[in-house]
Amino acid sequence: IGNIATDRLIAKMRALGSRREDLTAKVFGGANVLRGNNQATGRAFHVGERNVEVAMALLEQAHIPVIAQDVLGAHGRKVVFHTGDGSVWVRRL
C-alpha cells in the first residue's frame, strides 16, 4: 500500500506544479512499540522497522533524498508538520 500511496502523492504534487528533482523527504516513526513474537521464525516482529525499510526504499526508487529523519527505537513520536513552510516538530513519547 505504501508504494501506491507514494506514487499517487508524487503524481499529485507534480500535477500541482512540483518538479520531481525539487522534492525532498523527512521520515519519522518506526518505533518498536508492539512487543510480539513471530512463531514461524522465533524472532520479534518489528512492524516499525519494516515500515522504515519500505519508506526508505520507495524514496530511493523515486530519487527523493531524505533530508531529515528520526526513526526506530522503542518510543512513539508526536509529529507536527507545518504545510506552509515544511517545518516539522517531533516529540518522543
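Keep in mind the model is a prediction, meaning the values are calculated, not measured.
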- Shortest non-hydrogen pair, A74 vs A31, comes out as C-CB, 4.3 Å
- Task: Indicate yes or no: at least one non-hydrogen side-chain atom of M56 is less than 4.5 angstrom from one of Q69.
- Result: yes
- Do the side chains of K78 and V80 get nearer than 4.5 Å, heavy atoms only? yes
- Query: So how far is it from E53 CD to L58 CG, rounded to the nearest 0.5 Å?
  - Reply: 11.5 Å
- Item | Pairwise distance CG(N32) to NE2(H75) - rounded to 0.5 angstrom | 11.0 Å
- Task: Check side-chain contact (heavy atoms from CB on, under 4.5 Å) between A62 and all other residues, then give those that pass, not counting sequence neighbours.
- Result: I10, R20, I64
With a 3.5 Å cut-off and sequence neighbours excluded, list the donor-acceptor pairs that the side chains of residues 85-93 form with protein atoms.
residue, atom, partner, partner atom, Å
D85, OD1, S87, N, 2.9
D85, OD1, S87, OG, 2.7
R92, NE, D70, OD2, 3.3
R92, NH2, D70, OD1, 2.6
R92, NH2, D70, OD2, 3.4

If you group Ile, Leu, Val, Met, Phe, Trp and Tyr by side-chain heavy-atom gaps below 4.5 Å, do [X] and [Y] land in one group?
X	Y	result
V33	V71	no
F28	V47	no
L59	L23	yes
V52	F81	no

